[in-house]
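Treat the numbers as computed from the prediction; the structure is a model and nothing was measured.
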Number of protein chains: 2
Amino acid sequence: MTDTLLPAGENAGDDEFEVRCGIPDVIRDDLVQIGGIAGLRARLPPAERIGEISATHHALSDPVRVAILHLLSVQPLCVCVIRECMGISGSKLSYHLNILRENGLIVSEQQGNWMIYRITERGGMFAEAG
Amino acid sequence: MTDTLLPAGENAGDDEFEVRCGIPDVIRDDLVQIGGIAGLRARLPPAERIGEISATHHALSDPVRVAILHLLSVQPLCVCVIRECMGISGSKLSYHLNILRENGLIVSEQQGNWMIYRITERGGMFAEAG
DNA sequence: CATCTATTTCAAATTATTATGAAATGCATA
DNA sequence: TATGCATTTCATAATAATTTGAAATAGATG
């Protein structure tokens with residue numbers, strides 16, 4: 001990354017890469033069209049958005065959580081019913097419910113002794129899609 | 001789970017649970033309508049399908065992989081261009097490309113010295129959605 | 001107030017995922 | 001065949017996620 005045929009500038013490094021790299025023509029031609037490496041980068045969602053997207057997918061990356069989401073897409077449920085339905089320990093269930101809630105896929109509301117969980121609109125979209 | 005008011009049968013355990021559990025009326029009434037715990041379970045996708053869903057989400061649960069998918073939604077790319085664009089090591093990139101490929105979100109094709117990755121139709125759906 | 005039930009929290013142990021750098025593979029070309 | 005380049009593989013280290021069981025919290029009820 002020291003010698004380059006191109007004038008120094010904001011994207012000098014990228015242009016230099018494209019010049020030096022002997023990648024297949026089909027790819028390079030299109031790449032040049034869209035502005036090279038810099039153009040490619042510019043088409044990425046901002047890092048913050050990418051973080052949000054991966055976080056949501058992470059929330060649904062465990063079969064227990066996918067199952068919970070589907071149960072709640074049927075109707076709102078208290079913890080003890082979810083627990084009975086899935087046959088897992090209370091603390092384990094609580095752990096997974098937290099992750100779904102933190103990611104805005106479900107919400108909870110206390111009702112006397114019980115905690116009622118229900119799916120959000122956002123959560124519903126993922127339950128339908130899956 | 002020993003004494004129950006109901007006849008023994010396939011779902012005796014579940015019915016017993018519903019009878020004993022003093023969950024809020026709003027929830028229990030609906031729950032009874034759909035067939036209780038057993039009815040709820042019957043509405044879940046099969047375990048196999050839930051595994052597939054969570055596996056796909058897992059493939060997209062890392063920001064590096066989400067970024068790669070978005071890059072490939074612009075155009076097919078060889079590894080060296082993705083690498084330059086993201087500024088990560090080759091072995092790290094290879095690791096993440098493998099996960100995306102194993103989950104059917106991208107495919108690869110060798111072209112001389114280069115390996116060209118392109119997004120699949122399935123992968124494209126997730127790139128659009130995100 | 002004492003007790004029961006439902007749920008959550010916590011710390012520790014277990015397991016899974018990701019990162020790293022060196023070595024290996026495979027194609028191209030002199 | 002020797003060399004160079006692009007990519008992958010491998011073993012290992014580092015980090016993160018999940019499970020577990022005991023203890024804590026909080027509402028309801030006698």
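Between the CG atom of A:L93 and the C1' atom of D:dG21 there is a distance of 16 Å, given to the nearest Å. Distance, B:I116 CD1 to D:dT8 C1': 15 Å, rounded to whole Å. The separation between B:E109 atom CD and D:dT7 atom P is 13 Å, rounded to whole Å. Straight-line distance from the CD1 atom of A:I68 to the P atom of C:dT7: 13 Å, rounded to whole Å. Between the CG atom of B:L100 and the P atom of D:dT8 there is a distance of 12 Å, rounded to whole Å. Taking atom CG of B:D62 as the reference point, atom C1' of D:dT15 lies 12 Å away to the nearest angstrom. Computed from coordinates, the A:Y95 OH to C:dT15 C1' distance equals 12 Å when rounded to whole Å. Spacing between atom NZ of A:K92 and atom C1' of D:dA17 amounts to 12 Å, rounded to whole angstrom units.
Contact annotation for B:S89: no contact, since no heavy-atom pair falls under 4.0 Å across all strands. Within the nucleic acid shown, B:I99 comes within 4.0 Å of sugar-phosphate atoms alone, with no base atom in reach, counting heavy atoms only. Residue B:G90 is in base contact, counting any heavy-atom pair closer than 4.0 Å across all strands shown.
Candidate nucleotides C:dT18, C:dT7, D:dT8 were compared by shortest atom distance to the side chain of B:V79, and D:dT8 ranks first. Closest to the side chain of B:Q110, from the set D:dT7, C:dT8, C:dC27, is C:dC27. Closest approach to the A:W114 side chain among D:dT7, D:dA22, C:dA6 is made by C:dA6 (side chain taken as heavy atoms from C-beta onward). Closest to the B:Y117 side chain, of the nucleotides D:dT8, D:dT9, C:dT18, is D:dT8.
With the nearest nucleotide of DNA chain D identified for both A:R65 and A:N113, A:R65 has the one nearer the 5' end.
Within the 3.5 Å criterion, the main-chain N or O of A:H96 finds no donor-acceptor partner in the side chain of A:R101. Remark: side-chain polar atoms of A:S61 are paired, donor with acceptor, to backbone N or O of A:H58 under 3.5 angstrom. Without hydrogens or angle criteria, A:S54 side chain to A:I50 main chain gives a donor-acceptor distance under 3.5 Å.
Heavy-atom contacts from other residues, nucleotides or ligands closer than 6.0 Å to CD of B:E109 number more than 12.
Distances shorter than 4.0 Å separate some side-chain N or O of B:H58 from OP1 or OP2 on C:dT17. In this structure, A:H96 reaches the D:dT19 phosphate: one of its side-chain N or O atoms is under 4.0 Å from OP1 or OP2. Remark: B:N98 is in phosphate contact with D:dT9, judged by side-chain N or O atoms under 4.0 Å from OP1 or OP2.
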With a 3.5 Å cut-off and sequence neighbours excluded, list the donor-acceptor pairs that the side chains of residues 118-130 of chain A form with protein atoms.
| residue | atom | partner | partner atom | Å |
| --- | --- | --- | --- | --- |
| A:T120 | OG1 | A:G104 | O | 2.8 |
| A:T120 | OG1 | A:L105 | O | 3.1 |
| A:T120 | OG1 | A:G123 | N | 2.9 |
| A:R122 | NE | A:N103 | O | 3.4 |
| A:R122 | NH2 | A:T56 | OG1 | 2.8 |
| A:R122 | NH2 | A:N103 | O | 3.2 |

